[in-house]
Amino acid sequence: MKPTIVVGYSPDEYGATGVERALEEARLRGARVLVANASRGDAYVDEHFASTAQLASLEEQLSSSGVDCEVRQSFGHDVAEQLLQTIEETEAILVVLGIRRRSPVGKLLMGSVAQRVLLGAECAVLLVKPPR
């Protein structure tokens, strides 16, 4: 079985950047990509949870990439915990996350999924920013 790269996905420029980089890494490493899109369960108001149309567009992109890919959506109380569980279940060799700039106060008040995954994952974590 091929090694797995997990990419945390949101349907925005950060998620797109993460997917692009995960596909590049998969080609370099001969790995498969698992795209994980998670929500706290409030999917109707969660702008980071992909709609059916957004998933169809993503799956079209993935199918034309030449990389073995899978997309998973999940619901739970905590997005970071859902990602960490997926990382553990798949024994991922790498996690890729697109990140946005946030102030220290913003991180303190809102928390940071990327920070929690970075600290909690047992494998390498690659944080990427969209091009300017």
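What's counted below: heavy atoms across the whole structure, side chains too, no hydrogens, waters or symmetry copies. Being a predicted model, the structure only gives us computed values, none of them experimental.
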Considering all heavy atoms, the nearest [X]-[Y] contact:
X	Y	value
A50	P11	CA-CG, 3.9 Å
C69	L62	SG-CD2, 3.9 Å
R21	V128	CG-CG1, 3.8 Å
V95	C123	CG2-SG, 3.5 Å
I99	P130	O-CD, 3.9 Å
Y9	A16	CE1-N, 4.4 Å

Item checked: Residue from I87, L97, L94 passing side-chain contact (heavy atoms from CB on, under 4.5 Å) with V6 ->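 When I87, L97, L94 are each tested with V6, the side-chain contact (heavy atoms from CB on, under 4.5 Å) holds only for I87.
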Note to self: Given V33, which partner from the list T4, L23, V19 fulfils the side-chain contact (heavy atoms from CB on, under 4.5 Å) test?
What the structure shows: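 Among T4, L23, V19, the one meeting side-chain contact (heavy atoms from CB on, under 4.5 Å) with V33 is L23.
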Please check if the side chain of [X] supplies one atom and the backbone of [Y] the other of a donor-acceptor pair under 3.5 Å.
X	Y	value
N37	S51	no
Q82	S39	yes
S64	Q61	yes

Margin query: Using a strict threshold of under 4.0 Å (side-chain N to carboxylate O), is an ion pair present between R27 and E24?
Written below: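 Between R27 and E24 there is no salt bridge, as every charged N stays at least 4.0 Å from the carboxylate O atoms.
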Check: Say you draw a straight line from CD of E88 to OG1 of T90; how long is it, rounded to the nearest 0.5 Å?
Finding: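 E88 CD to T90 OG1: 9.5 Å, rounded to 0.5 Å.
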Check: Taking the side chain as C-beta and beyond, is there a heavy-atom pair between L126 and E25 under 4.5 Å?
Finding: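 SC-SC contact between L126 and E25 confirmed.
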Notebook entry, point to check: Stepwise, does the side-chain contact (heavy atoms from CB on, under 4.5 Å) test hold for R116 with V79?
Noted result: CA-CA 10 Å; R116 292 190 46 220; V79 171; over 6 Å; no
Next item on the list: Report yes or no: do I5 and L58 belong to one cluster of Ile/Leu/Val/Met/Phe/Trp/Tyr joined by side chain heavy-atom distances under 4.5 Å?
Entry: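 Same cluster: I5 reaches L58 through Ile, Leu, Val, Met, Phe, Trp or Tyr contacts under 4.5 Å.
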Checklist line | Set of salt bridge (Lys or Arg N to Asp or Glu O under 4.0 Å) partners for E20, sequence neighbours left out | finding: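 So E20 forms no salt bridge (Lys or Arg N to Asp or Glu O under 4.0 Å) with any residue.
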Next item on the list: Could you name each residue pair satisfying salt bridge (charged side-chain N to carboxylate O under 4.0 Å, His left out) that touches residues 53-73, not counting sequence neighbours?
Entry: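 As it turns out, the salt bridge (charged side-chain N to carboxylate O under 4.0 Å, His left out) pairs with a partner in residues 53-73, which skip direct neighbours, are R32-D68, R32-E70, E70-R72, R72-E89.
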